[in-house]
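Remarks on the structure that follows.
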Amino acid sequence: MIKVLVPVKRVIDYNVKVRVKADQSGVDLANVKMSMNPFDEIGVEEAVRLREKGKASEVIAVSIGPAQVSETLRTALAMGADRGILVKTDATVEPLAVAKILKAICEAEKPGLVICGKQAIDDDSNQTGQMLAALLGWPQATFAHKLELAEEKAQVEREIDGGLQTVEISLPAVVTTDLRLNEPRYASLPNIMKAKKKPIDEKTPADFGVDVTPRLRVLKVSEPEKRKAGVKVKTVAELLDKLKNEAGVI
Amino acid sequence: MTSLVIAEHDNTTLKETTAKTVTAAIALGQPVHVLVAGQSCAGVAEAAAKLAGVEKVRVADDARYAKIVAETMETLILSLAEGYDALLAPATTNGKNVMPRIAAKLDVPQISEIIAVEGPDTFRRPIYAGNAIETLQAAPGKKVITVRTTTFKAAGEGGSAAIESVAAAPDPGLSKFVGEELSKSERPELTAARIVISGGRGMQSGENFHMLEKIADRLHAAVGASRAAVDAGFVPNDYQVGQTGKVVAPDLYIAVGISGAIQHLAGMKDSKVIAAINKDEEAPIFQIADYGLVADLFKAVPEMDEELAKLGY
């Protein structure tokens, strides 16, 4: 049976309104609620279900970042992951460097499947899973909607622009999750308590020989242009009149 | 040096996203080539050759590209990459699928979903669902870029680029295309439509989306939805507009029963004109709508249908 590796990222919580810092150096992360990237939660859920169905032997969660990412790992462990790997760094780690660290972990752990979130809701890059697959020379199935694991291969339904596409990939492989793959469970209190005893192995990027120095320079982070609220209309007829005669769009 | 744009097409028609990506490539200030990988796709190559500003179209016409998987596309693009210092693709599900593999193999970062080219190596892109805009400078070397096509105008016609064939690259044999289920619709595609009418949780059921479809047919509009409506099972996911769905920027966006969560706004706030119908006058959608109608959609939408009929739509 295969091991499944699930990378998890600590990001600003889905519900937090993001604020750009006045000096345009980034967004304000001070005293902001942080959570596991929602797409990664779907990845953890899928991996745990595979183990529960007897299709995977072990689920390993990996997180890269400052000491606090251990909380994100604990969340994954409480959802059912068996153990964690914490790669500690205070640097901003770009997707390519994340993929290089994950590649080194894959070479050591030899998972049959890596399940990544399709994108992180902070930088919205949508790169890491594909980069990891390329670096390892593995196939990929991104934006997964349905995953069926067989011996040494998987069939994956993918969300594509016009509908759904099915691909068959050999294992080992990288799969990235889309929203409809599953609905992640909430960790129960007993499982949260149990997760505290599960092992987390602590590493640094240097342990894997990966240089995490950013390759892109962020010159500034600014507020998007704001749209102004327009006018309220009273009736459907008035709305259509404005759309036709004022805006000229119908 | 030169830029290479990876064309998006279905072997018959060149998608407009390609023409928009060409515009972004031209802004880099160097000659632009287009790669068309497909099967029996000569018509697509000819269409690409007519785009103004394109110098050369390179065509890989082979059975293995009839349906593209990321792994075969990777070896093809890498076989050509040496001659280019920028590789661009539209940020569609295809572009997003393939380009990070190219970047990783070239050992360069990818710059995802640019919305503006500020200089040959400086780009703007949205982060945090568009709640912040990042200005990035790439290091010297090859650039791998995906382009958010809603913010670039399509390159016009009038070009007459040379068309040359390129050899197919080895198929690594890691994956294969099994099948696809594409939504069939007579209406325009969401990302290409001039008018989009979207429904949210307020629609209450998939059945009720027929009301929007009637309006869409009168206005030649596409039908979209918020994530809430998709999650509730009213419509399939390819209707979804927002951070985790499609980004649209039509001339007119009509939001019906959509409250306006930031994740939804991320997918439509660059629309030229926004109209919103919602019974909750405090709904955040009204803060960005040009025209807001506080009304029960189950009365307002059928009434809109009647009024449009009267106006001859």
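Bear in mind the structure is a predicted one, so any value in this text is a computation, not a measurement. A, B, ... follow the sequence lines: proteins, then strands. Residue 1 opens every chain.
- When the candidates A:P224, A:G248, A:S170, A:A247 are compared by the number of heavy-atom contacts under 4.5 Å with chain B, A:P224 comes out ahead.
- Note that OG1 of B:T122 and CZ of A:R217 are 8.5 Å apart. Values are rounded to the nearest 0.5 Å.
- Summarising the geometry of B:Q110 relative to A:M131, their closest heavy-atom pair is N-CE, 3.9 Å, with the distance given to 0.1 Å.
- Taking every heavy atom of both residues into account, A:L239 and B:A275 meet most closely at CD1-CB, 4.1 Å.
- Only the side chain of A:E94 has a heavy atom closer than 4.5 Å to any heavy atom of chain B.
- To the nearest 0.5 Å, atoms CZ (B:R124) and CG (A:L219) are separated by 11.0 Å.
- Residue contact with chain A, scored on non-hydrogen atoms closer than 4.5 Å, involves the backbone and the side chain of B:A300 alike.
- If you tally non-hydrogen atom pairs under 4.5 Å between each of A:I250, A:L243, A:D178, A:I169 and chain B, the highest count goes to A:I250.
- Heavy-atom distances place the side chain of A:R180, and not its backbone, under 4.5 Å from chain B.
- At a 4.5 Å heavy-atom cutoff, the contact between B:I274 and chain A is made by backbone and side-chain atoms alike.
- Between the NZ atom in B:K176 and the CD atom in A:Q155 there is a gap of 8.5 Å [rounded to 0.5 Å].
- B:L182 touches chain A through backbone and side chain together, each having a heavy atom under 4.5 Å away.
- A distance of 4.5 Å separates CD of B:Q243 from CG of A:D124, quoted to the nearest 0.5 Å.
- With a 4.5 angstrom heavy-atom cutoff, A:K220 touches chain B via backbone and side-chain atoms both.
- Proximity to chain B (any heavy atom under 4.5 Å) is restricted, for A:V16, to the backbone atoms N, CA, C and O.
- The most heavy-atom pairs under 4.5 Å with chain B, out of A:V233, A:V167, A:V231, A:D122, come from A:D122.
- With B:Y291 as the aromatic partner, A:K232 does not meet the cation-pi criteria of under 6.0 angstrom to the ring centre and within 45 degrees of the ring axis.
- One finds a salt bridge joining B:D290 and A:R227 here, because a Lys/Arg side-chain nitrogen approaches an Asp/Glu carboxylate oxygen to under 4.0 Å.
- For B:Q240, the part sitting under 4.5 Å from any heavy atom of chain A is the side chain, from C-beta outward, and nothing else.
- In this structure, the portion of A:Q119 lying under 4.5 Å from any heavy atom of chain B is its side chain and not its backbone.
- Neither the backbone nor the side chain of B:Y239 comes within contact range of chain A, judged by heavy atoms closer than 4.5 Å.
- A:P95 does not touch chain B: none of its heavy atoms, backbone or side chain, sits under 4.5 Å away.
- The shortest heavy-atom contact between B:L174 and A:G137 is CD1-O, 3.4 Å.
- Side chains of A:D123 and B:E134 form no contact here, defined as non-hydrogen atoms less than 4.5 Å apart.
- A:K118 places a side-chain N or O within 3.5 Å of a backbone atom of B:T244 that can act as its donor or acceptor partner.
- For the set A:K153, A:R158, A:Q130, the count of heavy-atom pairs under 4.5 angstrom toward chain B peaks at A:Q130.
- Residue B:E113 does not touch chain A at all, counting heavy-atom pairs closer than 4.5 Å.
- Here the closest heavy-atom approach between residue B:A104 and residue A:L96 is recorded as CA-CD1, 3.8 Å.
- Both the backbone and the side chain of B:L308 come within contact range of chain A, each with at least one heavy atom under 4.5 Å from a heavy atom of that chain.
- Heavy atoms of B:V273 lying under 4.5 Å from chain A belong to its backbone as well as its side chain.
- Few gaps surround CD on A:E107; more than 12 heavy atoms of other groups in view lie less than 6.0 Å from it.
- Using a 4.5 Å heavy-atom threshold, the side chains of A:V221 and B:I133 count as separate.
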Original post:
Would B:R227 and A:L179 count as a side chain to side chain contact (heavy atoms under 4.5 Å, CB included) if you check the C-alpha gap in whole Å, the side-chain angles of each, and the deciding distance to 0.1 Å?
Top reply: CA-CA 10 Å; B:R227 181 180 162 186; A:L179 288 171; 3.4 Å; yes
Original post:
Can you check side chain to side chain contact (heavy atoms under 4.5 Å, CB included) on B:Y128 and A:I12, steps first, answer last?
Top reply: CA-CA 9 Å; B:Y128 293 96; A:I12 286 193; 3.9 Å; yes
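- A salt bridge links B:D107 with A:K100: the distance from a Lys NZ or Arg NE/NH1/NH2 to an Asp or Glu carboxylate oxygen falls below 4.0 Å.
- Residue with the most contacts toward chain B among A:A120, A:G162, A:P38: A:G162 (heavy-atom pairs, distance under 4.5 Å).
- Contact annotation for A:Y14: both backbone and side-chain heavy atoms come within less than 4.5 Å of a heavy atom of chain B.
- Taken from CD in A:Q165 to CD in B:E181, the straight-line distance is 11.5 Å, to the nearest 0.5 Å.
- Between B:T93 and A:T142, every side-chain heavy-atom pair lies at or beyond the 4.5 Å cut-off.
- Residues A:E159 and B:D238 fail the side-chain proximity criterion, which asks for heavy atoms closer than 4.5 Å.
- With a 4.5 angstrom heavy-atom cutoff, B:L293 touches chain A via backbone and side-chain atoms both.
- Contact check for B:R125 versus A:S125: side-chain heavy atoms found under the 4.5 Å cut-off.
- For A:A133, the parts sitting under 4.5 Å from any heavy atom of chain B are the backbone and the side chain alike.
- The part of A:L240 that comes within reach of chain B is its side chain, from C-beta onward, which places non-hydrogen atoms under 4.5 angstrom from that chain.
- Contact annotation for A:T235: only backbone heavy atoms (N, CA, C, O) come within less than 4.5 Å of a heavy atom of chain B.
- Inspection of non-hydrogen atoms places B:I262, B:Q263, B:K269 of residues 260-269 of chain B under 4.5 Å from chain A.
- Here the closest heavy-atom approach between residue A:W138 and residue B:R101 is recorded as O-NH2, 2.8 Å.
- Contact annotation for A:V218: both backbone and side-chain heavy atoms come within less than 4.5 Å of a heavy atom of chain B.
- If you take CD on A:E183 and CG on B:D231, they are separated by 7.5 Å, rounding to the nearest 0.5 Å.
- Within 6.0 Å of NZ on A:K226 lie more than 12 heavy atoms contributed by other residues, nucleotides or ligands.
- Of the two parts of A:I160, the backbone and the side chain both hold a non-hydrogen atom closer than 4.5 Å to a non-hydrogen atom of chain B.
- When only modelled atom types and interatomic distance are considered, B:N97 and A:Q140 share a side-chain donor-acceptor pair under 3.5 Å.
- Interface remark: B:P236 contributes no atoms to any contact with chain A (heavy atom separation under 4.5 Å).
- For chain A, no part of B:T146 is nearby; none of its heavy atoms comes within less than 4.5 Å.
- More than 12 heavy atoms of other shown residues, nucleotides or ligands fall within 6.0 angstrom of atom NZ in A:K21.
- If you check the side chains of B:S112 and A:Q127, you find a donor sitting under 3.5 Å from an acceptor.
- Between A:D161 and B:K246 the shortest side-chain heavy-atom distance falls below 4.5 Å.
- Most heavy-atom pairs under 4.5 Å with chain B, from the set A:V11, A:N126, A:V20, A:N15: that is A:N126.
- Contacts of B:K96 with chain A are made by both backbone and side-chain atoms, with heavy-atom separations under 4.5 Å.
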